[in-house]
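Lettering follows sequence order; numbering is per chain, from 1.
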Amino acid sequence: MSGHHISSDKTLLGVAAALLVLTILTVGVYYIQIPAPWNIVTAMGIAVLKATLVALFFMNLYWDERFNSMLLVAGLAFFGLLVALTLLDTLFRTEVIPAF
Amino acid sequence: MADHSSSTTHSRFFQHHFVDADQQFATAKLGMWIFLVTEILMFGGLFAAYIVFRLWYPDLFTQASTELNTFWGGVNTVVLIGSSLTVAMAIKSAQLNQKKNIAINLGITLALAAVFMVIKYFEWTHKFELGIFPGQFYDFGGIEHEKANVFFSLYYLMTGLHGIHVLVGMGLMGWLLWRSLNNHFNSEYYTPIEITGLYWHLVDIIWIFLFPLFYLIE
């Protein structure tokens, strides 16, 4: 089973510690109350960083075949397309508000 | 020559339509990643709805999120990070043939998932007591916004779908724990732990986004 990367305890614990620190950071930033829109930008930036750490080192994409990373990126790209095309409608309505 | 087992020692779970165990492993992982893409797109519909409504009613989200308990949301974030760590440790244990540690780590993962769901249960029932129900059943006077029910419809749908995934994950962890206790896994074969781990990490990632989007709005 030569192709399988075995993560060391140090790596796994290090990633978990980084995720913990980033969680504390995002809660801390929330209490500081940065003015909009930077509060959302910061919160989402930290979330993206955390998700990237999980994907690279817990889901092993860093050592894995690139094809699996490509699938993830493709999924996210299509999600981006969904959001972008939806907003082209919902942000530019003259009568904005639906019944619900 | 027809006796495959003479050349190399195959795991009893090796399927002979694969070239070798590595190909079987890589194929299972590829399949799981394709499934995870469909998961991202399923949750993606709800995230898109969230973005649309947050841009329509920014004030609603600031007001309504004060009803959510940041402390317990944060605890659940830490709980899920811990469970992602133990899944990764279970895989590492399998790779190193430490069979007892596989079961221990899977057991801790299962327990942490249960803690997450118990916290979620208390969060939801507390809201039900206040009359915070989704959609037309919304019956709570504490938020001065006519669309308050919309926020909580999104909250229940997104945390609910995520919660269902945690429950499914608990079932899978229980199954893996049972198999590990029956000595099914070793350094040559641990594919089910690996791909269930991928699923579990994705569930963790979804929560990593749900936490700031619902609990951390000023």
Side-chain angles (χ1 to χ4, degrees), chain A residues 1-9 11-13 15-16 19-20 22-24 26-27 29-31 33-36 39-40 42-44 46-48 50-51 54-55 57-61 64-65 67-72 74-76 78-80 82-83 86-87 89-91 96-98 100, chain B residues 21-22 25-26 29-30 32-34 36-41 43-45 47-49 51-58 62 70 73-74 77-78 81-82 84-85 87-89 91-92 95-96 135 147 149-150 153 187-188 194 197-198 200-202 204-205 208-209 211-213 215-218:
Chain A
M1 308 291 273
S2 53
H4 298 198
H5 175 84
I6 302 177
S7 300
S8 66
D9 284 355
T11 310
L12 295 178
L13 290 170
V15 171
L19 291 171
L20 194 62
L22 287 169
T23 303
I24 294 166
T26 195
V27 175
V29 166
Y30 159 69
Y31 282 112
Q33 302 218 336
I34 306 174
N39 51 357
I40 303 167
T42 316
M44 285 300 99
I46 293 173
V48 167
K50 286 167 75 180
V54 172
F57 300 108
F58 280 172
M59 300 171 97
N60 264 340
L61 283 178
D64 205 358
E65 292 164 40
F67 194 82
N68 291 338
S69 304
M70 189 276 284
L71 286 174
L72 175 61
L76 295 174
F78 276 93
F79 169 64
L82 171 70
V83 172
T86 306
L87 290 181
D89 168 6
T90 60
L91 284 183
V96 177
I97 309 302
F100 46 94
Chain B
D22 272 344
F25 180 78
K29 267 178 94 163
L30 173 62
M32 195 51 169
W33 272 107
I34 291 170
L36 294 187
V37 168
T38 71
E39 290 277 77
I40 289 170
L41 293 175
F43 276 98
F47 277 103
I51 294 168
V52 166
F53 279 101
R54 185 152 178 188
L55 288 169
W56 270 342
Y57 312 115
T62 8
T70 305
T77 307
V78 175
I81 288 170
S84 263
L85 173 66
V87 166
M89 298 288 267
I91 292 167
K92 190 216 67 181
Q95 289 169 326
L96 298 176
K147 300 289 182 186
N149 61 340
V150 171
S153 295
S187 60
E188 295 297 313
E194 174 82 21
L198 289 178
W200 191 253
H201 295 311
L202 185 84
D204 185 17
I205 288 179
I208 283 173
F209 284 98
F211 175 53
L213 285 177
Y215 294 79
L216 301 182
I217 310 173
E218 279 151 44

Interface residue of largest heavy-atom contact number with chain A, from B:Leu216, B:Leu55, B:Asp204, under 4.5 Å: B:Leu216
Checking B:Thr70 against chain A: side chain, backbone, both or neither under 4.5 Å from a heavy atom? side chain
Side chain, backbone, both or neither: which part of B:Leu198 has a non-hydrogen atom closer than 4.5 Å to chain A? both
Contacting region of A:Leu22 [heavy-atom separation from chain B under 4.5 Å]: neither
Scored by heavy-atom pairs under 4.5 Å with chain A, the best of B:Lys29, B:His201, B:Met89 is B:His201
Highest number of heavy-atom pairs under 4.5 Å with chain A among B:Thr38, B:Val37, B:Ile40, B:Leu85 belongs to B:Leu85
Which bit of A:Phe57 is near chain B, if near means a heavy-atom gap under 4.5 Å: side chain, backbone, both or neither? neither
Quick check: closest heavy atoms across A:Thr90 and B:Trp56, and the distance to 0.1 Å? O-NE1, 3.2 Å
Whatever's closer than 4.5 Å to a heavy atom in chain B on A:Val48 counts as both
When rounded to the nearest 0.5 angstrom, what distance separates CD1 in B:Ile51 from OG1 in A:Thr86? 9.0 Å
Flag side-chain contact, heavy atom, 4.5 Å: A:Val83 against B:Phe47: no
Is it the side chain or the backbone of A:Thr26 that comes within 4.5 Å of chain B heavy atoms, both, or neither? both
Given side chains that start at C-beta, do those of B:Leu36 and A:Leu71 come closer than 4.5 Å, heavy atoms only? no
Is any side-chain heavy atom of B:Met32 closer than 4.5 Å to a side-chain heavy atom of A:Asn68? no
Counting only heavy atoms closer than 4.5 Å, note whether A:Asp89 contacts chain B via side chain, backbone, both or neither. neither
Gap separating the NZ atom of A:Lys50 from the CZ atom of B:Phe211, nearest 0.5 angstrom: 7.0 Å
Which atoms of B:Phe43 approach chain A - backbone, side chain, both or neither, heavy atom under 4.5 Å: neither
Give the member of B:Val78, B:Thr77, B:Ile205 that has the highest number of heavy-atom pairs under 4.5 Å with chain A. B:Ile205
Which bit of A:Leu87 comes within less than 4.5 Å of chain B, counting heavy atoms only: side chain, backbone, both or neither? side chain
Scored by heavy-atom pairs under 4.5 Å with chain B, the best of A:Leu12, A:Ile46, A:Leu20, A:Leu76 is A:Leu12
A:Ile6, part contacting chain B, at a heavy-atom distance under 4.5 Å: both
Could you tell me which portion of B:Ile34 (side chain, backbone, both or neither) has an atom closer than 4.5 angstrom to a non-hydrogen atom of chain A? both
Part of A:Ile24 lying under 4.5 Å from any heavy atom of chain B: neither
Considering all heavy atoms, the nearest B:Ile208-A:Ala47 contact: CG2-O, 3.6 Å
Considering non-hydrogen atoms only, spot the tightest contact between A:Phe58 and B:Ala88 and give its length. CD2-CB, 4.0 Å
The salt bridge (Lys or Arg N to Asp or Glu O under 4.0 Å) partners of B:Lys92 (sequence neighbours excluded) come to A:Asp9
Closest non-hydrogen atoms of A:Met59 and B:Leu202, given as atom of the first, atom of the second and distance, are CE-N, 4.1 Å
Interface check, chain B: of A:Leu91, A:Leu61, A:Asn60, most non-hydrogen pairs under 4.5 Å belong to A:Leu61
What's the shortest heavy-atom distance between A:Tyr30 and B:Ile217, and which atoms? CE1-O, 3.5 Å
Separation between CG (B:Leu30) and CZ (A:Phe67), nearest 0.5 Å, reads 6.0 Å
Minimum heavy-atom separation for A:Ala16 and B:Ile81, please, with both atom names. O-CG2, 4.1 Å
